[in-house]
Every structure is written in C-alpha cells, then in structure tokens.
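To start, the structure under review is shown below, and the notes come after it.
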Amino acid sequence: MPEGPSIVIMREAVEALHLKGKEVLHVAGNAKIDKERLRHQKVKAVRSWGKHFLLCFKDLTLRVHLLMFGSYRINERKDTTPRLSLGFKDAELNFYTCSVKLLDGDVNDHYDWSRDIMSEQWDPAQALKHLKEHPDMLACDALLDQDIFAGSGNIIKNEVLFITRIHPQSVIGKIPQARLKAMIKEVRDYSFKFLEWKKALRLKQHWLAYTKTTCPRCHIPFKKQQLGKTKRRSFFCDNCQKLYA
DNA sequence: TCTCATGTTTAGGT
DNA sequence: GACCTAAACATGAG
C-alpha cells in the first residue's frame, strides 16, 4: 500500500467524503493515543505529506502512517479491531495496523511541504541542495531518505535508478550534477505515473526493475542485493546502470 | 505451509 | 552523542 502515490489515493478518497467542517462523533480503536482529544473536533483539512496521511483540526492534526502492512476502509469495516476508527454523521474512517500520532499546533509547523515528492510545492532545487549536504550517501539510501524525498519508497527507488541508469551504490558526491537533476526529476515524474498506474490497478505490469530477474534493456540477469545503510532490496543491471564511485 | 516484504520507531549495544 | 543492529509491529502475496 504505502508509498507516496498510494497515500495520495487515500487522501483523495477521504477528500471525496467532503468532511470539511464535519464533527468527529465517535472514536474507537486500540491506538495508544488520547483518542478523546479527537471527539467533537471539526475537520479543517485533509492533507498528506510523503507517506503521512493527515487529518487536520483546530490546533491538532491526526497523522496516520500505514507502515508496511497498514490498510484503511471508508464506510466499511474489516473483521479485525481497527487501530483507529472515526465516526462522522454520514461517514466512517477505519485505519488498521498503522502508526497513529497526534500533532499539536499548526500542521505547517510540522511539515516542509516542498520535500513531498507529490506536493504542488515540491522543490527540485531544494532536493538538489539536500543531496549535496550528504556527499557520502549512496544513491540507494538517498532515494529512501524521507527528509529529502518524502514519499519515495523501495519501488520508486529501484525504478528511478534503472530509468536514469544510475547504479544504486553510486556515491551522491560523485554523481555529475546533470545526472542528479535527472534523478530528482524522475522521482517526481515516476511518482505521478505510479499514481495513475496504481489507480488503474496496473502498477506491477509497468515495473522495469523492481522484482525483476532480467534487464529489459540488455537482457543480462539483474543483480538482487540488500544495499546501503537501509539494506533494502535493490534490483539493478551492472551493465546499464553506471557506478559513480 | 512457509517465507518474505511498497516502512518506521525504539531499545539496546559499542 | 554517533553509529549500528535487532526487534517490534502484523498482513497478505507467492
């Protein structure tokens, strides 16, 4: 479920309920937060930042992170106890196996929207600056760093590196600036393609590298290794992806 | 049946 | 404090 584009789908689905101004009438679930604080709050905005789904109230924001296996239901329930359930007059939101947190005060004080790869405020120049602040970082780690590319996950990482022909173990400080810019641009572009494919239930069939065993360009076997500090699966072609080191 | 993974936080060690 | 590792969470695809 949970890379940035999937959270955008979730946000759009909740926005379609037109909850703005609606009051939380019922709260339940096994989340270890002070759920009573949410009761009688009126929704001010439905937002998202990277992999975070945000329901904003006056001076209080509910943050839901689906982690690896989280799920949600709108006006439906699963058989298991929800982590959090919010009941409105004509709608119900249920969140399962996720991380839930309450953020105090103005939500804008918690988030830099320009770091969200799906945001209208996404700023590629800032991303370049952030990358340059970490010259020793490996490309495979940079593309998972939520402080630089909020919303990018392991699928986006693998696809972007393959498309831009950058080896996952490339050192950020050794990658020519033009290549870095191309990588940053592709994160954004790929995320919106991801969004459309996911909506069409056609995401998997567009994967070029992720979970693949053979390079679609030169047809030699892909390498599959857990790379970088993040030790996440990387699928790559030694032949087609240039190692800057 | 079993393994593993679109993710992050936290606790503990050096 | 920096840095690392493992555990915890707990679902569902293959």
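FYI, side chains are in, hydrogens and waters are out, and symmetry mates aren't considered; it's all heavy atoms of this structure.
The separation between A:Asn154 atom CG and B:dT8 atom C1' is 14 Å, rounded to whole Å. A:Leu67 has its CG atom 16 Å from the C1' atom of C:dG12, to the nearest Å. Between the P atom of C:dT5 and the CD atom of A:Gln226 lies a distance of 13 Å, rounded to the nearest Å. We find that OH of A:Tyr72 is positioned 14 Å from C1' of B:dT6, with the value rounded to whole Å. In this structure, CG of A:Asp136 is placed 11 Å from P of C:dC3, rounded to the nearest angstrom. A straight line from CZ of A:Arg73 to P of C:dT11 spans 12 Å, rounded to a whole angstrom. The distance from atom CG of A:Asp79 to atom C1' of C:dG12 is 15 Å, rounded to the nearest whole Å. For the pair A:Phe69 CZ and B:dT9 P, the interatomic distance rounds to 16 Å; values are reported in whole Å.
Spacing between B:dC4 and C:dA7 at atom P, rounded to whole Å, works out to 15 Å.
Across the strands present, C:dG14 finds its partner in B:dC2; the criterion is a Watson-Crick or G-U wobble pair with both atom distances under 3.5 angstrom. Nucleotide B:dA11 forms a pair with C:dT5, judged by Watson-Crick or G-U wobble geometry with both contacts under 3.5 Å.
Looking at heavy-atom distances under 4.0 Å, A:Tyr96 makes no contact with the nucleic acid at all. Within the 4.0 angstrom heavy-atom criterion, no nucleotide atom of any strand lies near A:Lys157. A:Lys101 comes within 4.0 angstrom of nothing in the nucleic acid, heavy atoms only.
In this structure, A:Lys78 is positioned above the aromatic face of A:Tyr96, its NZ or CZ under 6.0 Å from the six-membered ring centre and within 45° of the axis.
Contact check, A:Arg233 against B:dT6: a side-chain N or O comes under 4.0 Å of OP1 or OP2. Between A:Lys51 and B:dT6 there is no side-chain polar atom (N or O) within less than 4.0 angstrom of OP1 or OP2. Note on A:Lys204: a side-chain N or O is less than 4.0 Å away from OP1 or OP2 of C:dG14.
Salt bridge status for A:Lys193 with A:Asp189: absent, with no side-chain N to carboxylate O gap under 4.0 Å.
For A:Thr97, counting side-chain heavy atoms from C-beta on, the closest listed nucleotide (C:dA13, B:dT6, C:dA10) is C:dA10. Ranking B:dA5, C:dC4, B:dT6 by closeness to the A:Glu3 side chain, first place goes to B:dT6. Among the nucleotides C:dT11, B:dA5, B:dT8, the one closest to the side chain of A:Thr80 is C:dT11. Distances were taken from every side-chain heavy atom of A:Lys78 (C-beta onward) to each of B:dT8, C:dA13, C:dG12; the shortest belongs to C:dG12. Checked against B:dT6, C:dA13, C:dT5, the side chain of A:Lys231 finds its nearest nucleotide in C:dT5.
In terms of position along DNA chain C, the nucleotide closest to A:Lys229 lies nearer the 5' end than the nucleotide closest to the other residue of the pair A:Asn30 and A:Lys229.
In this structure, the side chain of A:Asn158 does not engage the main chain of A:Trp207 through any donor-acceptor pair within 3.5 Å.
Checked against a 6.0 Å centroid threshold, the rings of A:Tyr210 and A:Phe235 count as neighbours.
A donor and an acceptor atom, one from each side chain of A:Asp141 and A:Thr230, are located under 3.5 Å apart. Judged by distance alone, the side chains of A:Lys242 and A:Ser170 never bring a donor and an acceptor atom under 3.5 Å apart.
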